[in-house]
Amino acid sequence: MNALIWLVGGYGVLLASHFMTKEPIERLLPPDPNRPTPASLAGNSRDYASNHSVIVAGQYFMAIAGLSPILSAIVGLYWGWIPAIVWLLLGVTFLGTPTEYIHMMASVRQNGATMGEITRSIIGEGTGVVTTLALWFLGTITYAIFMTTMAKTMETVPMAAIPTIMLTVIAICFGYLRAYKGISVAKGTIVSLIVWVFFIYLGIKHPISLSYNTWVIILICYTFIAAYLPVWMILAPRDFLNSGVLVGGIGLITIALLIGMPKFIFPAFVGWESARGFLWPAIMGTITCGAINATHSMMSAGIASRQLSNEKHAFGVVSFGTKGETVLCIATIGLIASQFGYDGFISSVVTNAGGAFSTAFSNVASQYMGIPKSIGMTIGALTLTGFVITTMDAYARGARYSVEELANHIPVLDSLQLKKPIVSTFFVVLVGTLLAFYTPFSQLWAGFALVSLTFAIFPYGIMVIRKLESGQAFDGHFYRWIIIPGAFMWISSAAALAFFVYSFFAKAQFVPAGMSIFITVLFVLGTIQIYNKINQLKSGAPMPPSNAAVGQ
């Protein structure tokens with residue numbers, strides 16, 4: 001395989017799928033451009049901001065990306081690059097983008113509700129509470145893991161200190177000028193990135209070396225502020241501007257590989273079984289970001305849905321985000337497959353995937369474009385830190401939403417004042433910081449991929465329930481996009497849970513085993529409640545209606 005064919009072919013398929021699937025996916029929940037969105041009704045507030053679709057798309061893209069597309073794409077090479085690319089392209093086209101669209105539209109139709117509240121109102125109380133609890137834990141541990149990852153990166157690459165800090169300052173100025181001075185997105189973006197390039201140069205010339213513990217303290221303070229302050233002030237503008245950095249990073253990788261056109265030294269197909277397990281369903285629990293990852297509902301339902309100015313932008317936002325992740329996966333695989341053989345992959349890449357990415361990034365930039373390795377390493381580090389910090393603060397905010405929702409339904413949490421944003425933010429940051437110092441991250445993170453699969457049964461269940469409530473017949477389009485993919489995801493999730501629970505216990509990895517059992521409980525509970533609701537609707541038994549706006 002030549003890198004030219006890999007990149008052009010992969011990117012071409014994604015571009016074609018964006019245009020070819022827009023109409024059938026939007027038919028599932030047709031957007032109404034005349035219906036006021038939650039953001040347009042609320043105006044600029046702490047958690048709602050009617051933003052330009054480009055800003056929402058950039059914020060959503062950066063929030064769901066993080067390091068996961070890089071790490072999952074690299075680990076997914078255990079079976080070879082052919083299984084990885086096939087799963088990535090099929091998954092994002094027929095599973096990832098449709099489910100994210102359902103998440104966002106269901107949230108928009110319920111005043112920007114999170115998936116916990118949506119499942120509560122449509123599927124059942126028990127599933128809703130457990131889902132909200134799972135989302136809170138997911139957001140908190142994501143903040144913990146990414147905070148420590150960020151601190152380690154900043155300690156290792158001191159040249160990234162000044163540009164990383166100053167991008168936050170630039171983002172606040174950008175947000176203020178957008179909100180109060182009406183500056184255009186194009187003008188604000190160009191000026192912001194030009195100013196930021198100057199600070200990149202300044203950072204390379206004047207690196208700031210701080211200890212790991214110092215960076216931890218700085219990042220704890222930053223997360224508290226970013227998760228609490230209005231979304232238009234830091235979260236949206238910073239993530240959006242960082243998306244420009246990411247697009248630039250992907251562009252640099254692509255140009256370098258197209259200039260050099262290196263051949264892949266990594267095998268196309270290793271075998272049906274690897275150290276990660278059997279190809280199916282293990283690859284689905286390995287490569288999630290870029291294919292289908294239902295934990296992204298924390299961003300599409302609750303964060304991005306509260307910024308959407310018009311329903312007609314929903315598909316474009318989720319398609320850009322999910323396919324943007326896949327572009328990053330394809331570029332990452334191209335980097336690794338052209339730089340490492342399978343032996344090198346096993347001995348060094350999987351044990352330090354982030355480092356391998358930065359090294360390969362620097363190598364191709366230097367080898368094919370003549371960029372000095374120090375500059376290439378800095379750009380690679382900024383690409384990584386851009387991923388990390390945007391995901392870190394976005395998931396912390398999402399965890400705050402979950403805490404506040406739990407407090408609405410659990411009196412003891414309400415008595416602790418956890419419905420107040422400043423208290424819930426403090427709680428999330430405190431618990432996340434404790435987890436950061438006392439939790440075996442690698443084992444916990446190993447279990448999170450299962451959440452991305454098991455949560456995927458909920459959007460399909462929601463759509464089936466909505467269809468039955470409306471009294472409409474299941475047509476061929478509904479079978480193709482909901483029934484068949486939903487059945488496939490249910491079977492795959494059940495198989496993956498069984499396989500990984502057994503595997504974790506066999507390896508005496510009790511932390512991910514315990515987490516997998518919790519996920520299994522959520523999966524079973526959700527399945528039972530979806531099944532019962534469908535049976536009640538089919539039998540015509542009277543039952544309290546759920547929020548009908550989702551299906552309209």
Side-chain angles (χ1 to χ4, degrees), residues 17-18 20-32 87 89-110 113 115 118-124 127-128 131 281 284 288 291-297 300-301 305 311 314-315 317-319 321-323 452-496 522-523 526-538 545-552:
S17 73
H18 169 79
M20 293 175 66
T21 63
K22 183 178 188 294
E23 188 274 334
I25 290 176
E26 286 189 331
R27 276 176 59 190
L28 297 173
L29 284 171
D32 181 355
W87 167 235
L89 295 178
L90 291 178
V92 74
T93 300
F94 298 106
L95 301 171
T97 304
T99 53
E100 282 298 279
Y101 178 77
I102 294 170
H103 292 152
M104 180 171 286
M105 286 298 293
S107 178
V108 168
R109 299 285 172 85
Q110 289 199 34
M115 278 305 293
I118 294 169
T119 55
R120 180 196 304 278
S121 64
I122 297 177
I123 296 175
T127 300
T131 300
M284 296 179 65
T288 51
I292 178 171
N293 188 336
T295 59
H296 291 164
S297 65
S300 53
S305 64
E311 288 186 3
F315 176 80
V317 169
V318 299
S319 184
T322 54
K323 292 178 176 64
S452 70
L453 294 180
T454 53
F455 272 32
I457 67 171
F458 296 136
Y460 294 113
I462 287 168
M463 291 303 297
V464 171
I465 290 169
R466 280 310 181 204
K467 197 75 167 177
L468 291 171
E469 286 182 335
S470 70
Q472 298 175 2
F474 290 9
D475 56 12
H477 174 263
F478 196 77
Y479 272 100
R480 285 191 298 272
W481 289 94
I482 298 298
I483 301 299
I484 295 174
F488 171 73
M489 287 307 301
W490 189 92
I491 294 170
S492 298
S493 297
L522 173 60
F523 178 77
T527 299
I528 292 173
Q529 291 207 313
I530 291 171
Y531 176 79
N532 288 341
K533 188 98 178 234
I534 290 173
N535 267 354
Q536 287 176 313
L537 289 168
K538 282 185 174 181
S546 51
N547 191 326
V550 175
Q552 293 177 352

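Just so you know, residue 1 is the first one in the sequence shown, and it goes up from there. Just so it is clear, the structure is predicted and the values come from calculations on it, not from any experiment.
For K22 (side chain) and F315 (main-chain N/O), no donor-acceptor pair under 3.5 Å exists by modelled atom type. With hydrogens and angles disregarded, no donor-acceptor distance shorter than 3.5 Å links the side chain of S107 to the backbone of H103. When atom types are taken as modelled, the side chain of H18 and the backbone of S319 share no donor-acceptor pair closer than 3.5 angstrom.
Annotation for L28 and I102: closest pair CD1-CD1, 4.4 Å, computed over non-hydrogen atoms. Between A314 and M105, the shortest heavy-atom distance links the atoms CB-SD, 3.7 Å. Pairing each heavy atom of I534 with each of I465, the nearest pair is CG1-CG1, 4.3 Å. When every heavy atom of E100 is checked against every heavy atom of S297, the shortest pair comes out as OE2-N, 3.7 Å. Annotation for S492 and P281: closest pair O-CB, 3.9 Å, computed over non-hydrogen atoms. The nearest pair of heavy atoms linking I123 to G526 is CG2-O, 4.4 Å.
Residues K467 and L537 are not in side-chain contact: their nearest non-hydrogen atoms beyond the backbone lie 4.5 Å or more apart. Side-chain contact between W87 and I292: present, with at least one pair of heavy atoms (C-beta onward) separated by less than 4.5 Å.
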Would you list the atom pairs, donor with acceptor, under 3.5 Å between side chains in residues 479-488 and any protein atom, with sequence neighbours excluded?
none

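Rounded to the nearest 0.5 angstrom, F458 CZ and Q529 CD are separated by 9.0 Å. For the atom pair N293 CG and T322 OG1, the distance stands at 11.5 Å (nearest 0.5 Å). Interatomic distance, T99 OG1 to M104 CE, rounded to the nearest 0.5 Å: 11.5 Å.
The ring pair (Phe, Tyr, Trp, His ring centres under 6.0 Å) test with W490 is passed by exactly one of F455, F523, Y531, Y460: F523.
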